[in-house]
Amino acid sequence: MEQRSPGSLDVKLFYIYTNSIVDYKELNLKNCDSCLCSDLSIDSNNEPWIFIDIDGEGTLEIENEKYAIFGSKEITDGKWIKATKSGLIRLCPSYVGLLGENKISINKIYLIYFEPSTFRFLIKAKLINDASKILPSISNELLRILNDSLDKITIDSIKGDKIEIALKTQLIKAPWYLNSLENYISISDIDGKEVDFSKLKKSAELAESILEKGMEKLRNKFGPIGNLDLIAHAHIDFTWLWDTNVTKQKVYRNLSNVLSLIKNNDFLKYGISNMVYLKWVKDENPSLYNEIKNYVKEHKLIPLGGMWVESDTNLPGGESLVKQFLYGQRFLLKEFNQISTIGWLPDSFGFSGQLPQIMKKSGINGFYTHKLYWNNINKFPYSVFLWKGIDGTEITSINYPTYGSDLSPNQLVNAWNDHEIKDLPAFLVFGHGDGGGGPTWLMLERFLIYKKFPGLPILTIKSPEDHIIEIKDHKELLPTWYGELYLETHRGVYTNGVKLKELIREAEMKLIQIESWSSLLDKNINLEEYWLRLLELEFHDAISATTTYQVYENMVKELISTIKQLNEVLSLILKSVVINDDKYITFFNHLPWKRKELIEIDNQLKGKVCQKIGEKYLTEIELPPSGFVSYEIGPCLTQSNTEISNNKHIENKYFVISYERDSLKIYDKENKRNSINDIYLLLCEDMPEKFDGWDIDENYKRVCEKIKLNFKYSEEGTLKSCLNFINEINNSKIETKICLNNKVIEVNHDVDWNENLKLLKIVIKTNIMGQYNHAEIPYGVIERPTLPSNSWDRAKYEVPMWKWTDIYDPDYGISIINFGRQGYSVSSNTISLSLLRSPLFPNPKLDRGKQSIKYWIYPHKNTWRESLTPKLAMELNNEVIYIKGKADERSFLEIDPSFIMFGTLKRMEDSEDAILRIWETYGRNVCTELKSDNYLIVGETNLIETEKTDLNTNKICLNPYEIKTLILKKVKS
């Protein structure tokens, strides 16, 4: 006998679904507060379900049991909630749509009763039929079982009103022609007799019995194909196409839904990331938080990640990444007496090569991400691997295939097929994210049906901690990936948001300064609130400026306000060490090495060489390490004015810059060689295929306009000279100033940017071979190729840096030092720094209007190591601070920046001692000393300050790229 096909079975299942509806009624909703309410009275003789016809998201509360509702035309399982009790129901819709849209619609809400046996059979049969479509090896067997079982249920009649409600709800998808029929006739006119539910019940029980017997035989004949560990989760963006007020509602709705599901499904485990979400619940919803704490104890709710938020890992500084774990893990320790051992960044846009060490020293033993599946040139080869950071730290890592599976059989099969090491379990996350409530009832039904299904892997709901322990027990099976996990997409995020990235950089540097000075000067100042504000703005979509216009503007305003407050805090600290004396200015340097700086101030300094620039005076000063010094105000020893001329040639004792034949050339006088052959602008078409605000596609190079700098005038002086250029391009104007500033070439662009779908780069053609490119990453340095030799190298046509990047020959190199412009590309001897983009989605106003951009070019002898590029980059990103008044010169401590680099100096979280964070910068084994009459090294701790090793020496030894957190005891005030 001819068997029904899977599609034909779907049709019969729809009609069985229609006839399984015993009764239904539309619930009358009335306004109550900002929600909609109705009294619910249920008949327990049949299977009661509530269906909410919603396009958007919200919360449904049935007598204090809360569920997430979530739906669109494509997503329907989140529209169904099982009615477990009578009482008052409250439907509280979100005021924005699923992705922050300014619309949401709730059409109707229905109470629907199903014949219980038929409903139970229907769900099983649907899920088995779904499996038959993607399991070719047993498809015929499954179809035979399904056909035999469905033959036992006959459709004697069908009524139009039941078809109508089945079409509206479509728990089982309707055949296409029924949807079309509505265009020609009223479906309610279809007449049929009432269903005999007693007969239907017996038929469904017989059908289920045949189904179960057939499946049992099939399970004995065909075993599962492997093991797949699962965890329920909802990836919720801290901010993106909505602000955090919306996020809070998503989080509360999500967690309430999960708790309701756990109460009725003891097997369920759920992972929650972003520790700030737990803090929100604690502060604003204590009763929900108490439930959460209980379920964390029972290991049903599992905190993941240990980070305050799921931050970007390329664009923030190293100390910001440390603080993500410091505050996240210590929150967990305080609230739950545990930390997370799992790193959890499903969506961040690439992963710094220093992240393994930062995670391991923050208590993390395993790392999970999904984002590597987004590569657009090379498929990332591993689902499970050892990730080895630039310092050699290894961390067991999982690359799982989707943000949140719905546990459909095709996703289960794909997860297993993508998993290379079949002797180990694969891993999958399930649940609707961004407001969808995480797992749904249908996902849990799929789990129960598929957990030991022939032809599928055995499904086990397991915590990521337990999963990683099993993987680590078989470490010898794992391949190794070394260095950064570069994401081959979203390359535009390194450049988006000029003002935002500059303010984030300034805020981080300012916080480190305040930490340092409050420790040096014994000021007990709690900066946690300020750090947490910054960490939240370093969430991956926030710092990437891939948000809506209003979200972006609010972030910029918040940063401006935060920096203003930080300046006030810093000023109060520093004023405490000076006495009022208008004849002196005191200059402060928190960096633990001597500095010599050109500074612009309002006053002349007595006995110094100075140059007048406008109303200010430029002069050079020297500062002690981690200390301060006062200079007397008075006549300069010599003073020169800045002269304006048409001279296209400027020089100081280090360099000559000349503009000849429309080319800008730089000659290095000290090293007697041409350094740079040309600098020019490049305006390119920027029309990414998929993600406008996120991506720079490789084909941007096809349509580019080379724009020579248009010379206008020069400014010449004793200490600083500049060439000025003005270019008008399309609708935009770019004023460029290139200045000689001691040993660096300072570049400033004032841009009135009014383009759409364009990318603006500055191109620097150097006079070196440049086979190697190094760039600073958070608390580390990465090497990248300049001449691609394979597809993995080619994919890195746009890459991130932290403060600097460099190309060099053994005897000479060029560094670029930035203050927020972190996206660049290198090809052999040419560096191009990305200045501006102009995407349309999600923020068509991003970076339009007036922008100021600055960076420095640093030609140097030998490599970046010998020329101490990291030291110079730290200095240029930390301007000298000064205030009126006098103080005796003081220096507290000193380290040698040719060996190690400064991270921060701060008060220990649980002690009066200080923390000195340093890191080896140059890729060498080194030993050096902390020079200080004020501090003694008494110990070492991890990054979250939960472990301690005693020391009694001021000698410091570090391995290549090692981060050390030293405990200092103050021995002298």
Side-chain angles (χ1 to χ4, degrees), residues 35 40 49-50 52 57-71 77-94 230-236 247-305 331-332 335-338 340 344 404 406-407 429-448 461-465:
C35 301
L40 180 68
W49 285 78
I50 295 172
I52 304 97
E57 61 191 41
T59 305
L60 185 72
E61 183 178 335
I62 309 174
E63 284 296 304
N64 298 318
E65 203 166 81
K66 295 181 180 179
Y67 296 91
I69 53 171
F70 179 85
D77 58 331
K79 299 180 181 183
W80 290 90
I81 302 296
K82 189 170 184 178
T84 55
K85 60 182 78 172
S86 299
L88 179 70
I89 65 170
R90 285 167 54 90
L91 173 60
C92 302
S94 170
L230 309 172
I231 188 70
H233 179 63
H235 171 65
I236 302 176
T247 313
K248 287 183 179 182
Q249 299 311 310
K250 290 176 181 286
V251 168
Y252 302 155
R253 178 165 56 250
N254 168 261
L255 289 172
S256 298
N257 180 70
V258 167
L259 294 184
S260 296
L261 289 173
I262 289 175
K263 289 171 187 174
N264 296 297
N265 300 274
D266 190 57
F267 57 85
L268 184 59
K269 293 179 186 292
Y270 178 85
I272 178 170
S273 58
N274 295 292
M275 298 309 100
V276 64
Y277 296 165
L278 291 171
K279 179 66 163 57
W280 285 348
V281 180
K282 179 188 177 187
D283 291 346
E284 300 183 22
N285 198 329
S287 60
L288 177 61
Y289 190 64
N290 287 334
E291 285 192 82
I292 287 170
K293 293 193 82 166
N294 289 332
Y295 281 116
V296 169
K297 286 180 184 176
E298 294 177 18
H299 212 51
K300 297 292 180 66
L301 279 181
I302 302 162
L304 298 172
F331 176 84
L332 290 176
E335 295 295 318
F336 303 98
N337 198 33
Q338 67 179 61
S340 175
W344 190 267
D406 60 7
L407 298 187
V429 169
F430 69 97
H432 290 311
D434 278 336
T440 67
W441 70 273
L442 184 56
M443 293 176 199
L444 301 185
E445 289 292 334
R446 287 190 181 118
F447 168 74
L448 294 172
I461 293 180
K462 184 182 288 186
S463 73
E465 290 102 328

Within-4.5 Å side-chain heavy-atom neighbours: [X] and [Y]:
X      : Y      : answer
Ser256 : Thr59  : no
Ile231 : Ile302 : yes
Ile50  : Leu40  : yes
Leu407 : Glu445 : no
Val258 : Ile272 : no
Lys82  : Asn264 : no

When rounded to the nearest 0.5 angstrom, what distance separates [atom1] in [X] from [atom2] in [Y]?
X      : Y      : atom1 : atom2 : answer
Tyr252 : Glu284 : OH    : CD    : 3.5 Å
His432 : Asp406 : NE2   : CG    : 6.5 Å
Lys66  : Leu60  : NZ    : CG    : 11.5 Å
Trp280 : Gln249 : CH2   : CD    : 10.0 Å
Ser260 : Leu255 : OG    : CG    : 11.0 Å
Ile292 : Lys297 : CD1   : NZ    : 13.5 Å

Tell me, please, which residues at least two apart from [X] pass side-chain hydrogen bond (donor to acceptor under 3.5 Å, both in side chains).
X      : value
Lys269 : none
Asn285 : Ser287
Lys85  : none
Glu335 : Lys282, Tyr289

What heavy-atom pair brings [X] and [Y] nearest, and what distance separates the two atoms?
X      : Y      : value
Asp434 : Phe70  : O-CE1, 4.2 Å
Gly271 : His233 : O-ND1, 2.6 Å
Ile62  : Ala83  : CD1-CA, 4.5 Å
Lys293 : Phe336 : CG-CE2, 3.7 Å
Pro439 : Leu268 : CG-CD2, 4.2 Å
Pro303 : Leu332 : CB-CD2, 3.6 Å

With sequence neighbours excluded, residues passing salt bridge (Lys or Arg N to Asp or Glu O under 4.0 Å) with Lys279: Asp283
Please list, chain by chain and in numerical order, all residues satisfying salt bridge (Lys or Arg N to Asp or Glu O under 4.0 Å) with Glu63, sequence neighbours excluded. none
Has [X] got a side-chain atom pairing as donor or acceptor with [Y]'s backbone, closer than 3.5 angstrom?
X      : Y      : value
Thr440 : Gly78  : no
Lys300 : Tyr295 : no
Asn257 : Gly437 : yes

Is there a side-chain contact (heavy atoms from CB on, under 4.5 Å) between Arg253 and Cys92 once you walk through the steps? CA-CA 10 Å; Arg253 178 165 56 250; Cys92 302; over 6 Å; no
Which is it for Tyr67 and Ile52 under the side-chain contact (heavy atoms from CB on, under 4.5 Å) test, yes or no, and what are the steps along the way? CA-CA 12 Å; Tyr67 296 91; Ile52 304 97; over 6 Å; no
Derivation and outcome, side-chain contact (heavy atoms from CB on, under 4.5 Å), residues Leu88 and Glu61: CA-CA 8 Å; Leu88 179 70; Glu61 183 178 335; over 6 Å; no
Just checking Phe267 against Phe447, ring centres under 6.0 Å apart? yes
Asn254 and Tyr270 side chains, donor-acceptor separation under 3.5 Å: yes
Full working for side-chain contact (heavy atoms from CB on, under 4.5 Å) between Trp344 and His235: CA-CA 10 Å; Trp344 190 267; His235 171 65; over 6 Å; no
